[in-house]
Asker: 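Submitted below is the structure of interest, expressed as structure tokens.
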Amino acid sequence: MQGIFGGTPIQALEHTLTFAQRRHELLAGNLANMDTPGYRSRDLDTNEFQNALAESIDNANRPVSHSSGPYTRDDLYSGPRAATEQVVFHDGSDVSLEQQVTELAKNQHLHGLAITTMRSQFALLRAAITERA
């Protein structure tokens with residue numbers, strides 16, 4: 001979608017959806033491994049994503065540089081990081097059910113907001129193409 005929607009809000013929304021999807025996978029994995037002794041929770045850095053997204057929006061009118069090479073899902077937002085700020089339990093695990101569920105709910109809201117906004121953008125495009133309001 002880079003060619004058609006480059007420099008539009010749709011591209012920023014696409015990045016947001018990709019981030020939310022990958023983060024959901026990691027948070028679900030943390031919950032799945034909650035009872036695994038020694039398991040360390042993983043997450044993506046939301047602050048780094050927000051900064052990268054803001055920079056991407058600011059640079060939307062500049063040509064896209066392809067010199068940085070293809071991105072994988074993991075290195076797009078610095079990859080999964082260990083969520084080291086949590087308390088370690090007796091079994092060596094640091095997964096807190098309450099915290100993971102809270103983060104999942106926040107992530108779900110971000111995903112829902114991006115989907116709603118993207119639908120609105122496509123409705124505007126459809127109205128412009130069909131010349132109907």
Side-chain angles (χ1 to χ4, degrees):
M1 290 210 294
Q2 176 69 28
I4 298 173
F5 299 115
T8 67
I10 293 173
Q11 185 179 22
L13 293 168
E14 179 187 6
H15 288 301
T16 303
L17 289 173
T18 302
F19 175 79
Q21 178 186 3
R22 181 63 180 139
R23 188 162 187 238
H24 182 85
E25 292 171 0
L26 291 172
L27 294 171
N30 290 341
L31 286 174
N33 289 297
M34 193 171 132
D35 293 330
T36 304
Y39 180 78
R40 304 299 292 209
S41 62
R42 298 169 39 173
D43 199 354
L44 295 178
D45 190 341
T46 55
N47 290 329
E48 185 175 329
F49 169 72
Q50 290 171 355
N51 291 336
L53 185 62
E55 184 178 322
S56 173
I57 291 170
D58 288 343
N59 297 330
N61 294 328
R62 294 183 188 164
V64 176
S65 171
H66 296 285
S67 61
S68 55
Y71 291 107
T72 63
R73 290 177 8 167
D74 285 345
D75 62 9
L76 185 57
Y77 308 108
S78 297
R81 64 174 172 81
T84 57
E85 65 272 5
Q86 300 181 10
V87 174
V88 177
F89 298 105
H90 293 291
D91 65 352
S93 170
D94 68 346
V95 180
S96 163
L97 177 63
E98 294 82 9
Q99 184 173 11
Q100 295 300 311
V101 170
T102 301
E103 293 301 321
L104 269 173
K106 287 183 197 174
N107 197 51
Q108 182 180 1
H109 286 290
L110 175 66
H111 186 270
L113 177 65
I115 288 289
T116 301
T117 307
M118 189 175 268
R119 281 186 186 148
S120 164
Q121 291 292 314
F122 281 121
L124 286 172
L125 281 173
R126 183 179 311 129
I129 291 169
T130 61
E131 297 180 3
R132 296 183 199 164

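If you're wondering where the values come from, they're calculated on a predicted model, not measured in any experiment. Values below: every heavy atom of this structure, side chains too, minus hydrogens, waters and symmetry copies. In what follows, residues are counted from 1 in the order of the sequence shown.
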Asker: Should Ile115 and Leu113 be counted in the same cluster of Ile, Leu, Val, Met, Phe, Trp and Tyr side chains packed under 4.5 Å apart?
Answerer: no
Asker: Taking side chain as C-beta onward, heavy atoms only, is Thr117 less than 4.5 Å from Thr16?
Answerer: no
Asker: Might you point out which heavy atoms bring Gln100 and Val95 nearest each other, and give the distance in Å?
Answerer: CG-CG1, 3.8 Å
Asker: Give the cluster check for Tyr39 versus Leu97: same hydrophobic cluster or not, with ILVMFWY residues linked at side-chain heavy-atom distances below 4.5 Å.
Answerer: yes
Asker: Going from CG on Leu27 to CD on Gln108, what distance comes out if it is rounded to the nearest 0.5 angstrom?
Answerer: 11.5 Å
Asker: Just wondering, do Thr46 and Arg23 contact through their side chains at under 4.5 Å, heavy atoms?
Answerer: yes
Asker: Please report the interatomic distance CZ(Arg22) to CG(Asn107), rounded to the nearest 0.5 Å.
Answerer: 12.0 Å
Asker: Between CG of Asn30 and CZ of Arg40, what distance do you get to the nearest 0.5 Å?
Answerer: 11.0 Å
Asker: Is the closest side-chain heavy-atom distance between Leu110 and Phe19 below 4.5 Å?
Answerer: yes
Asker: Provide the closest heavy-atom pair for Leu26 versus Arg42 in the form atom of the first, atom of the second, distance.
Answerer: CD2-NH2, 3.6 Å
Asker: On a heavy-atom basis, which atom in His24 and which in Leu104 lie closest, and how many Å separate them?
Answerer: ND1-CD2, 3.3 Å
Asker: For Ala114 versus Leu17, what's the shortest heavy-atom pair and its separation?
Answerer: CB-CD2, 3.6 Å
Asker: Atom CD in Glu14, atom CD in Gln11: separation rounded to 0.5 Å?
Answerer: 7.0 Å
Asker: Tell me whether Asn51 contacts the main-chain N or O of Asn47 through its side chain, where contact means a donor paired with an acceptor under 3.5 Å.
Answerer: yes
